[in-house]
Amino acid sequence: MIIAERKPLDEIKEMVKDYRKVLNVGCGGCTSICLAGGQKEVMILNRDLKEQLLGEGYSPVLDGFVIERQCNYDFFDELDNMVGGYDAVLSMACGVGVQFMAERYPETPVFPALNTVFCGADRNIGWFEENCRTCGECVLAETGGICPVTRCAKGLFNGPCGGTRLDGTCEVDKDTPCAWYEIYHRLQAQGRLGNILTVKPPRQWQNQTRRSLVQEDYKQRYAG
Amino acid sequence: MPDVEKNTVDTAAIATMLQSKDAEMKRILNYCVRCGICAESCFLYMAHKGDPQYMPSYKVINSLGILYKKKGNVDKSFFEGIKGLVWRNCVLCHRCYCPIGIDIPRMIDFTRSICRSQGVYPDHDGGESWL
Ligand code: SF4
Ligand code: SF4
Ligand code: SF4
Ligand code: SF4
């Protein structure tokens, strides 16, 4: 799931303060679940923002709405009838949703209320952990299910780097486990150390340019 | 979307929302011949071993269908009652197939929107279990 957190109120205020009518749109998907941009968070942000703006002499009209997903146009039709009535839109979705919104309403300024932080897992309610940087060439098969891109401070494919401390933490931060120390021990326990005994060649970093993906069975449908 | 949580609902606002898609939604609700073909195209229905509460048509008929039948004259407990049906029981994946072209997720999306307008939506930081 995509994990996001709300931007500081002052930053949001600076984006929207000069627009009189602002519609704050939450997302019913990931950002609802990670407690950053669902219906409750839309209400809280609107309340706080209104108070702040009123205190500074503005007279904003700040409304809220939530669509089930901002990354799929199938969910936009109710919003289509509303956006024209506002001077700006604030989106509480991830960066994907904000961009979809901005593309859908090119004449309306669309602002992000959140910082999109990572692709993560739910450890517990309100506690999320990054586990994948969507590198596009997954190596988990060889690394015992531990991602070296995300969990090694240097993103090494041939580790460890020599900076592993005796207690198994990384030289970069004493509270961070060394990913390669963990990879080594997991593979050793599974009798698979052979997986990391050959040197991996340098890889193509596919995430340097914008990616898109059409699944094999659909290639014909979208061709040309 | 209400600014504060209330225990009452605004039936006039619900009726207005229902009317905004009256022709389209009533037509598709009437078109459904209860054939059940959509059932097996829903992975949740299959995963729950054929529990009818996960059948695409069931979810819509027992939420939006009732809202139209009652012309929006329902109370807050009605929305609380259909919450599981339209959130937990459907992930809006758009994978269900209806041979006469009924767009089930579009109707569930609309039902969720009506729920939200009355302050009913999933509580992701509470004790609700969604699967
Ligand atoms: S717009 Fe972003 S936050 Fe919302 S459902 Fe899509 S990916 Fe998740
Ligand atoms: S190697 Fe790591 S970053 Fe790359 S796809 Fe696998 S889990 Fe994601
Ligand atoms: S100590 Fe381990 S985690 Fe830290 S940079 Fe080196 S290999 Fe990576
Ligand atoms: S959209 Fe809902 S009803 Fe249709 S297949 Fe997906 S989960 Fe099932």
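Chain identifiers are assigned alphabetically (A, B, ...) following the order of the sequence lines, protein sequences preceding nucleic acid strands; residue numbering begins at 1 within each chain. Just so it is clear, the structure is predicted and the values come from calculations on it, not from any experiment.
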Is there a side chain to side chain contact (heavy atoms under 4.5 Å, CB included) between A:Lys40 and B:His124 once you walk through the steps? CA-CA 10 Å; A:Lys40 194 180 280 177; B:His124 293 291; over 6 Å; no
Would one find more than 12 heavy atoms of other residues, nucleotides or ligands at under 6.0 Å from atom CD of B:Glu40? no
CG of B:Asp123 to OG of A:Ser32, rounded to nearest 0.5 Å, is 11.0 Å
Quick check on A:Tyr73: does its OH atom have over 12 non-hydrogen neighbours (other residues, nucleotides or ligands) under 6.0 Å away? yes
For the candidates B:Arg116, B:Lys21, B:Arg106, which exhibits the highest count of non-hydrogen atom pairs separated by less than 4.5 Å from chain A? B:Arg116
Under 4.5 Å to a heavy atom of chain A? For B:Pro2 that would be both
Should the heavy atoms of other residues, nucleotides or ligands under 6.0 Å from NZ of A:Lys174 be counted, would the total exceed 12? no
In this structure, OH of B:Tyr121 is separated from CD of A:Glu68 (nearest 0.5 Å) by 12.5 Å
Contact origin within A:Arg47 toward chain B - heavy atom pairs under 4.5 Å: neither
Any donor-acceptor N/O pair, B:Arg112 side chain to A:Gly28 backbone, under 3.5 Å: no
Could you tell me which non-hydrogen atom of B:Asp109 sits nearest to which non-hydrogen atom of A:Asp74, and how far apart they are? OD2-O, 4.2 Å
Residue A:Glu56 excluded, over 12 heavy atoms near CD under 6.0 Å: yes
Look at atom NZ of B:Lys6 and say whether more than 12 heavy atoms of other residues, nucleotides or ligands are closer to it than 6.0 Å. no
Does A:Glu51 CD have over 12 foreign heavy atoms under 6.0 Å away? no
Given heavy-atom pairs under 4.5 angstrom as the criterion, report whether the side chain, backbone, both or neither of A:Leu35 touches chain B. side chain
From B:Met1 atom CE to A:Leu23 atom CG, the distance as rounded to the nearest 0.5 Å: 9.5 Å
Looking only at heavy atoms and a cut-off of under 4.5 Å, which of A:Asn72, A:Asp77, A:Asn46 has the most pairs with chain B? A:Asp77
